[in-house]
Amino acid sequence: MSAVLNDPAVGRKPLIVAFCCNWCSYAGADLAGTSRMHYPSNVKVIRVPCSGRINPMFVLRAFQRGADGVLVAGCHPGDCHYSTGNYHSRRRLSAFKRLLEFAGFEPERFEVRWISASEGDKFAEEMEAMTAKIMALGPNRKMRDARWQSKSLSK
Amino acid sequence: MPRTGVFICHCGTNIAATVDIDKVVEAARSFPGVVHAEDYRYLCSEVGQDLIKKAIKEHNLDRVVVGTCSPRMHENTFRKAAAEAGLNPFLLEVANIREQCSWVHRDIAEATPKAVALVRAATAKAAQNDPLEAPSMEVEKRALVIGGGIAGIQAALDIAEAGFTVDIVEREPSIGGRMAQLEKTFPTLDCSACILTPKMVEVAQHPNINLLTYSEVEQVNGFVGQFDVTIRKKARSVDATRCTGCGICHEKCPKKAPAEFEMGRSTRKAIYVPFPQAVPNVPVIDRQACLYFQKGRCQICAKECPAEAIDFEQQDELLERRYGAIIVSTGFDQMDPSGYGEYGYGQHPDILTGLEFERLFNASGPTGGKVVRFSDGKPPKKVVFIQCVGSRDKARGMNYCSKICCMYTAKQAILLKEKVPDARSYIFYIDVRAAGKGYEEFQRRAAEEYDVAYLRGQVGKIFPENDYLVVKGVDSLSGKTIEIKADMVVLAAASIARADAPVVGRILGINSDSYHFFNEAHPKLRPVETHTAGVFIAGACQAPKDIPDTVAQAGAAAAKTVSLLSKEVLQGEACTAVVNQAECSGCLYCEAVCPYGAVSAVEIEERSAGGTIKRTVAEVNAALCQGCGSCTAICRSGSINLKGFSNEQILAEVDAICLQC
């Protein structure tokens with residue numbers, strides 16, 4: 001396979017990693033599928049049990065590996081399958097977003113959204129909106145580690 | 001290096017139409033650790049599963065990745081297949097290339113590389129997977145039913161008949177619920193009490209049923225199979241073991257208070273049973289109303305009670321009980337229509353809600369079964385019924401249809417004609433919804449045989465004039481304005497969730513829709529389960545519904561409960577948190593965020609500088625842990641990890657998904 005580096009010059013679509021909680025947002029993403037809604041293919045979902053599982057380290061790692069945008073999606077506050085997980089993630093991740101901004105990184109690249117299992121349409125809309133926003137922002141140059149991509153491909 | 005096998009499913013054309021399967025298989029062969037890759041038309045079929053099992057043995061696979069539909073759909077199917085081939089089921093990973101790839105993208109040139117990336121991520125994660133064992137947990141063979149209306153009664157009877165012990169917690173002094181308030185039921189005009197009362201008595205007498213009336217659930221801990229529930233048994237001020245139900249106490253009691261059972265349309269005594277057929281037939285003292293409790297004197301009931309059952313000293317009792325399963329059947333309320341100023345509810349005694357009007361027919365109701373006006377005690381000759389008060393009203397009320405109003409209004413119009421033969425009913429409606437066995441025929445009968453005038457349209461204003469109520473409306477079919485001089489107006493107010501439904505939902509950890517009706521796990525395939533395993537819902541707490549639907553749903557919830565309680569052990573959650581105690585600093589933030597009380601402090605001994613020291617660290621009780629991972633994210637030293645969704649697994653997925661090939 002030919003390796004196309006994660007290079008903005010190629011004119012590729014931005015890569016968006018979406019961490020979705022198993023009970024609401026992942027099911028919402030599934031519903032978008034069963035309802036045959038469409039959203040950009042550059043969005044790729046990683047399933048986690050709860051948005052409260054998200055360690056900011058995961059988000060940073062995605063940016064380092066070249067993601068242009070990262071989304072964490074969980075149940076609406078009050079609806080967490082585990083009662084309180086999304087309350088913790090709401091506080092932790094909003095502080096984290098401020099920290100990204102403080103560190104000079106575009107905070108818009110990181111979003112937290114509440115998407116329930118019945119909101120397939122909302123999932124698709126959010127993915128469209130996020131993609132459009134990241135397209136306007138351009139590629140993530142600040143945190144991307146270009147060496148990693150070529151190193152792991154040559155392995 | 002693991003030996004991974006990758007299997008890609010066509011799902012007929014569901015995946016194959018937008019994903020180039022051959023390319024995905026070819027790409028998978030180049031992923032680290034992949035020793036075998038193939039595709040099949042339907043992997044979830046028996047043949048497909050056999051194909052996986054065969055490959056596991058043939059290629060000595062120790063990791064399996066299936067690129068198929070959502071793991072929420074078939075993860076268990078494939079894990080079971082892997083287990084049958086001798087592989088630990090948790091060594092299998094699913095790449096969701098249908099719901100989150102082939103179905104959401106149209107272009108094969110876009111969907112194919114995405115499918116490759118998703119399969120690559122699943123392969124990378126699988127390489128980090130460890131074999132896991134789900135803990136097995138005992139099932140407490142006892143069920144709790146919250147709410148003793150017809151739903152709770154039916155569910156409890158069904159469970160008890162299957163041989164399991166059931167406790168019913170009912171907050172009112174008697175079971176019976178809304179159905180006990182009804183006079184007749186549609187479409188058969190059965191006397192409600194005649195069909196309900198025998199069931200209530202059966203509940204009271206059943207050896208497997210414990211009735212906890214005048215009680216409320218305060219707290220629920222634990223999980224399916226082992227719910228630890230705190231129940232507050234409110235002080236009745238009457239010793240139920242002594243009381244004979246003779247009724248002398250409420251006969252003699254000098255203090256009156258508004259009767260809740262009659263929606264405040266009549267009074268009861270301070271010591272009372274809510275209605276004559278109450279089960280248990282043991283009165284309670286309303287301490288807010290009672291002269292002794294408020295002013296320190298009276299005690300007439302105690303003096304008159306021949307059984308010496310009055311106990312002013314009684315205290316609330318907190319019961320701690322364990323249950324294997326819980327059925328929630330907390331019912332519904334009728335909306336207070338006073339927000340609709342044009343209908344004048346609350347401003348004139350002859351403007352009633354449907355439920356208040358129903359009580360007029362009942363022999364023990366506020367008028368002793370006479371259909372008369374509250375204002376002057378005369379029978380009404382012209383009654384206007386207004387449908388959809390608060391229902392199907394996006395702007396001011398509830399968006400939904402309350403489902404029962406069309407039918408009970410037709411019933412009440414028929415009953416009215418029978419009680420007051422020269423009365424005429426006028427029903428303002430938007431649509432008549434009579435879907436149900438015998439419902440359409442019943443409604444037709446009301447219109448055709450009982451001379452009920454159905455007027456399609458809305459009422460704009462109601463105001464009193466002389467001794468009648470002027471109802472001004474528009475007939476939307478003819479376009480004419482209508483003015484009726486009515487003796488009584490009945491508002492079919494919306495059925496709404498109980499005011500404290502959000503509290504109940506929070507206590508039980510179940511979610512509700514935007515109207516606070518409890519949500520079922522799946523609207524079609526899992527209508528009585530909730531997303532919290534072991535908690536089931538029945539009756540109008542889920543959505544407005546009539547008695548046959550409620551009884552059917554209660555039976556379904558009971559069947560689910562019985563099948564759960566029939567198991568000796570349940571498989572617990574395998575993906576649980578685990579503490580690296582050597583690195584744990586003992587800050588115990590994890591204990592604070594754990595919603596299940598699964599993390600606790602433990603003292604360990606450690607070798608240090610030649611001697612041993614004692615240190616406090618965190619420990620996870622795997623039986624209690626539900627695997628949310630909150631503790632892992634809060635841990636400052638990164639010493640807690642979550643099996644099945646470990647840091648290493650998630651980071652491997654991130655790396656693989658970001659790799660642009």
Side-chain angles (χ1 to χ4, degrees), chain A residues 1-7 12 15 17 19 22-23 26-27 29-42 44-50 52-58 61-62 64-67 75 78-85 88-89 92 116-118 124 148-149 152-153 155, chain B residues 26-27 30 32 69-73 94 96 98-107 110-111 113-114 116-118 121 125 502 505-506 509 511-513 519 523 531-532 575 593 595-596 626-635 638 642 644-645 647 650-651 653-655 657-661:
Chain A
M1 278 190 112
S2 68
V4 179
L5 286 185
N6 185 5
D7 188 14
R12 62 181 185 86
L15 171 65
V17 176
F19 293 97
N22 181 48
W23 305 96
Y26 194 87
D30 277 355
L31 182 64
T34 29
S35 323
R36 307 297 199 278
M37 286 158 183
H38 295 278
Y39 57 84
S41 63
N42 49 296
K44 286 163 191 147
V45 174
I46 292 178
R47 184 165 70 125
V48 290
C50 176
R53 171 71 183 97
I54 297 300
N55 190 322
M57 171 176 75
F58 303 156
R61 177 77 150 243
Q64 283 174 346
R65 295 310 191 221
C75 308
D79 285 349
C80 178
H81 178 76
Y82 304 103
S83 316
T84 51
H88 296 304
S89 61
R92 179 181 305 123
S116 81
S118 57
W148 172 78
Q149 187 82 226
S152 54
L153 283 175
K155 245 193 260 176
Chain B
E26 188 199 318
S30 71
C69 50
S70 171
R72 290 173 61 91
M73 189 93 186
V94 178
N96 183 349
R98 190 178 76 173
E99 279 86 344
Q100 295 184 9
C101 187
S102 71
W103 277 353
V104 285
H105 310 308
R106 296 187 190 94
D107 189 354
E110 281 193 8
K114 177 166 172 183
V116 171
L118 294 177
K125 184 184 179 191
R506 216 163 295 138
N511 36 22
S512 30
D513 63 19
N519 270 350
H531 268 301
T532 302
C575 297
V593 299
Y596 302 99
Q626 297 297 296
C628 68
S630 276
C631 55
T632 61
I634 200 119
C635 181
L642 184 64
F645 290 95
N647 294 340
I650 294 173
L651 291 176
E653 268 187 281
V654 171
D655 285 0
I657 245 175
C658 292
L659 205 59
Q660 306 271 320
C661 296

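Chain A is the first sequence line, chain B the second, and so forth, proteins listed ahead of strands; every chain is numbered from 1.
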Between CD1 on residue Ile46(A) and CD1 on residue Ile657(B), distance to nearest 0.5 Å: 4.5 Å
Part of Ala121(B) lying under 4.5 Å from any heavy atom of chain A: neither
For chain B, the option from Val45(A), Thr84(A), Val17(A) that forms the most heavy-atom pairs under 4.5 Å: Val45(A)
Largest heavy-atom contact set with chain A, pairs under 4.5 Å, which of Glu653(B), Glu99(B), Gln100(B), Lys114(B): Gln100(B)
Contact origin within Pro56(A) toward chain B - heavy atom pairs under 4.5 Å: neither
Backbone of Asn22(A) reached by a side-chain donor or acceptor of Arg72(B) within 3.5 Å: yes
Interface residue of largest heavy-atom contact number with chain B, from Ser83(A), Ser35(A), Ala29(A), under 4.5 Å: Ala29(A)
Residue part contacting chain A, namely of Arg106(B), when any heavy atom lies under 4.5 Å: both
Part of Arg92(A) lying under 4.5 Å from any heavy atom of chain B: side chain
Gap separating the CE atom of Met37(A) from the CH2 atom of Trp103(B), nearest 0.5 angstrom: 13.0 Å
Evaluation steps, side-chain hydrogen bond (donor to acceptor under 3.5 Å, both in side chains), between Asn647(B) and Arg53(A): CA-CA 10 Å; Asn647(B) 294 340; Arg53(A) 171 71 183 97; 2.7 Å; yes
Chain B contact via Ala124(A) - side chain, backbone, both or neither, heavy atoms under 4.5 Å: neither
Value rounded to 0.5 Å, distance of SG in Cys658(B) from CH2 in Trp148(A): 6.0 Å
Option that, when pairs with chain A are counted at under 4.5 Å, heavy atom only, ranks first among Gly627(B), Cys628(B), Gly509(B): Cys628(B)
Where Tyr82(A) and Gln626(B) come nearest, the two heavy atoms and their spacing: CE2-O, 3.6 Å
Proximity breakdown for Val48(A) and chain B, heavy-atom pairs closer than 4.5 Å: both
Nearest heavy atoms of Asn96(B) and Asp30(A), plus distance in Å: ND2-OD1, 3.0 Å
Top contributor to chain B interface from Gln64(A), Lys44(A), His81(A) [non-hydrogen pairs under 4.5 Å]: Lys44(A)
For the student: nearest non-hydrogen atoms of His105(B) and Ser41(A), plus distance: CE1-CA, 3.1 Å
CG on Asn55(A) to CG on Leu642(B), rounded to 0.5 Å: 12.0 Å
Pick from Val654(B), Asn519(B), Leu118(B) with the largest number of heavy-atom pairs that fall under 4.5 Å of chain A: Val654(B)
Proximity breakdown for Phe19(A) and chain B, heavy-atom pairs closer than 4.5 Å: side chain
